[in-house]
Amino acid sequence: MPTIRIQTEAFDSGAEMAAISRNRTDIGAVASFVGLARDMNHGDDVRAMVLEHYPGMTEKVLAGLVDEARSRWALLDVTLIHRVGRLLPGDAIVLVAVASTHRGEAFSACEFIMDYLKTQAPFWKKEETEHGARWVEARASDDTAAARWTGS
Amino acid sequence: MPTIRIQTEAFDSGAEMAAISRNRTDIGAVASFVGLARDMNHGDDVRAMVLEHYPGMTEKVLAGLVDEARSRWALLDVTLIHRVGRLLPGDAIVLVAVASTHRGEAFSACEFIMDYLKTQAPFWKKEETEHGARWVEARASDDTAAARWTGS
Amino acid sequence: MTLRILYFARLRERFGQHEETLDFAGSTAADLIAQLRARGGVWAEELAAGRAFRVAVNQNLVAFDAALTENAEVAIFPPVTGG
Amino acid sequence: MTLRILYFARLRERFGQHEETLDFAGSTAADLIAQLRARGGVWAEELAAGRAFRVAVNQNLVAFDAALTENAEVAIFPPVTGG
């Protein structure tokens with residue numbers, strides 16, 4: 001039932017979010033997150049970014065994250081889409097939408113999936129800036145965010 | 001800059017969520033929540049619901065919630081739409097979409113606005129069930145959720 | 001003082017009115033509730049101690065010890081259930 | 001044993017290759033890292049102690065003491081930065 005896609009094509013985040021509850025009357029809450037490519041990072045103009053991934057492992061990790069979220073919370077549906085390849089500022093990189101009966105589960109599961117995706121899923125970003133191309137470094141705050149979900 | 005609307009007309013939650021980041025390249029994160037009318041509550045079929053509100057105070061409370069969220073977190077934009085009047089199962093009742101540079105602020109602000117809206121904004125739901133109409137009772141879990149944001 | 005009183009949702013239905021203008025000799029929201037409760041019947045029942053209801057003065061939620069002022073708009077309603 | 005080794009992102013670029021097949025006489029991921037580091041140059045630099053990189057065996061993230069097995073697919077890459 002969950003939708004998981006890794007794709008080079010752009011996606012319409014509004015349409016994807018609306019689709020999760022279309023023709024259903026049992027969903028009370030949809031929490032969603034869209035991560036977008038920005039035109040600025042660490043003070044430099046970013047003209048584009050290239051997202052590399054590890055085909056095979058990526059699919060496995062994302063499916064595992066969604067399964068883990070479904071085992072922790074009572075979810076009615078999950079959509080997870082991640083782009084790879086070359087993206088321009090303003091493009092949606094990732095979408096996570098979680099449907100549930102009540103909002104608490106939907107919010108928690110959505111944030112959990114994003115936190116784990118950020119630290120576990122084998123994607124890497126390379127930014128093209130005015131000073132040349134550079135690989136984005138992992139942020140310590142992402143490890144901190146993911147650590148919230150362990151041992152609770 | 002924030003969009004706040006109270007309306008009897010249905011709204012397109014996907015289109016509203018997509019609109020918040022359209023033609024912008026400075027937004028890195030959009031967290032959003034959609035609350036929907038369900039066909040079932042406390043074990044009874046719900047055929048429709050009517051949302052009553054307190055015109056004047058509602059606008060004031062929602063604007064205050066959004067201002068408070070903007071003072072707590074660095075937000076780039078907020079959209080808050082709440083329907084009133086008669087709704088059918090599957091209809092979107094409320095949409096909160098929050099745009100920010102990073103995801104932490106967007107998630108926190110979105111959840112904060114929903115938690116406070118649930119306990120502070122003067123809306124009341126009346127459900128039409130097979131056993132007649134009944135006013136929805138406030139949930140203690142909503143007070144608990146709102147209390148998380150005080151004293152932190 | 002003169003007050004404009006508004007009722008919403010279940011209280012509006014039970015009291016059979018949405019709005020009334022009232023002559024009020026007390027000073028706080030609690031005094032007003034006591035005056036309304038003294039009407040007996042559904043008023044005494046819905047506004048009994050221990051029943052959950054909220055009071056807003058001039059569209060701000062207040063505690064029951066809040067002072068009321070001339071021409072205030074006072075709203076009395078059940079705990080809210082939107083969203 | 002024979003291993004298939006994959007490199008991603010910055011490591012792929014620095015090492016100038018995405019994939020290689022390697023004869024390996026050790027037993028753990030740490031042994032493999034030591035063998036690669038012994039090549040010197042960018043290998044010694046990028047895989048130095050204290051540098052942040054991750055190892056996956058057969059597409060699962062592992063700790064450096066994980067045992068490697070015949071024909072395993074071992075991937076070495078920087079901390080991930082998707083989303």
Side-chain angles (χ1 to χ4, degrees), chain A residues 11-41 45-48 76 87-104 106-108 110-112 114-115 117-118 139 141-142 144-145 148, chain B residues 11-41 45-48 76 87-104 106-108 110-112 114-115 117-118 139 141-142 144-145 148:
Chain A
F11 59 87
D12 178 339
S13 53
E16 299 289 348
M17 286 186 275
I20 202 170
S21 59
R22 184 167 301 132
N23 298 325
R24 289 187 70 158
T25 54
D26 58 334
I27 293 173
V30 178
S32 46
F33 177 80
V34 179
L36 301 123
R38 289 188 297 134
D39 59 8
M40 177 73 63
N41 198 16
D45 283 341
V46 177
R47 293 164 184 171
L76 294 170
L87 281 77
L88 298 176
D91 282 355
I93 303 168
V94 63
L95 163 72
V96 179
V98 177
S100 189
T101 307
H102 297 294
R103 78 184 184 288
F107 270 121
S108 294
C110 187
E111 207 166 357
F112 167 87
M114 274 309 302
D115 286 347
L117 186 153
K118 282 268 181 188
R139 300 195 309 162
S141 60
D142 285 330
T144 310
R148 289 183 295 171
Chain B
F11 59 88
D12 178 340
S13 53
E16 299 289 347
M17 286 187 275
I20 202 170
S21 59
R22 184 166 302 132
N23 299 326
R24 289 186 70 158
T25 55
D26 58 335
I27 292 174
V30 178
S32 45
F33 177 80
V34 179
L36 301 123
R38 290 188 297 135
D39 59 8
M40 177 73 64
N41 198 17
D45 283 341
V46 177
R47 292 165 186 171
L76 294 170
L87 281 77
L88 298 177
D91 283 355
I93 304 169
V94 62
L95 164 71
V96 179
V98 176
S100 188
T101 308
H102 298 295
R103 77 185 185 288
F107 271 122
S108 295
C110 187
E111 207 166 357
F112 167 87
M114 274 309 303
D115 285 349
L117 186 152
K118 282 269 183 187
R139 299 194 310 160
S141 61
D142 285 329
T144 310
R148 289 184 296 170

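On a predicted model such as this, the values are computed, not experimentally measured, just so you know.
- Of all the listed residues (B/Val46, B/Val98, B/Ile27), the one sharing the greatest number of non-hydrogen pairs under 4.5 Å with chain A is B/Ile27.
- Taken to the nearest 0.5 Å, the OG atom of B/Ser141 stands 7.0 Å off from the CZ atom of A/Arg103.
- Applying a 4.5 Å heavy-atom cutoff, the residues of residues 14-23 of chain B that approach chain A are B/Gly14, B/Met17, B/Ala18, B/Ser21.
- For the set A/Gly90, A/Gly104, A/Ala31, A/Gly28, the count of heavy-atom pairs under 4.5 angstrom toward chain B peaks at A/Gly28.
- Counting heavy-atom pairs closer than 4.5 Å to chain B, the top-ranked of the candidates A/Ala145, A/Cys110, A/Ala37 is A/Cys110.
- Partner of B/Phe107 under the ring pair (Phe, Tyr, Trp, His ring centres under 6.0 Å) criterion, out of A/Phe107, A/Phe112, A/Phe33: A/Phe33 alone.
- In terms of non-hydrogen atom pairs under 4.5 Å with chain B, the most contact-rich of A/Ser32, A/Gly35, A/Pro89 is A/Ser32.
- Interatomic distance, CZ of A/Arg139 versus NE2 of B/His102, reported as 5.0 Å (0.5 Å rounding).
- Contacts of A/Asp115 with chain B are made by both backbone and side-chain atoms, with heavy-atom separations under 4.5 Å.
- Smallest separation of non-hydrogen atoms from A/Arg38 and B/Asp26: CD-O, 3.4 Å.
- Contacts of B/Ala92 classified as side chain to side chain contact (heavy atoms under 4.5 Å, CB included), with partners at least two apart in sequence or in another chain: B/Phe11, B/Val34, B/Leu36.
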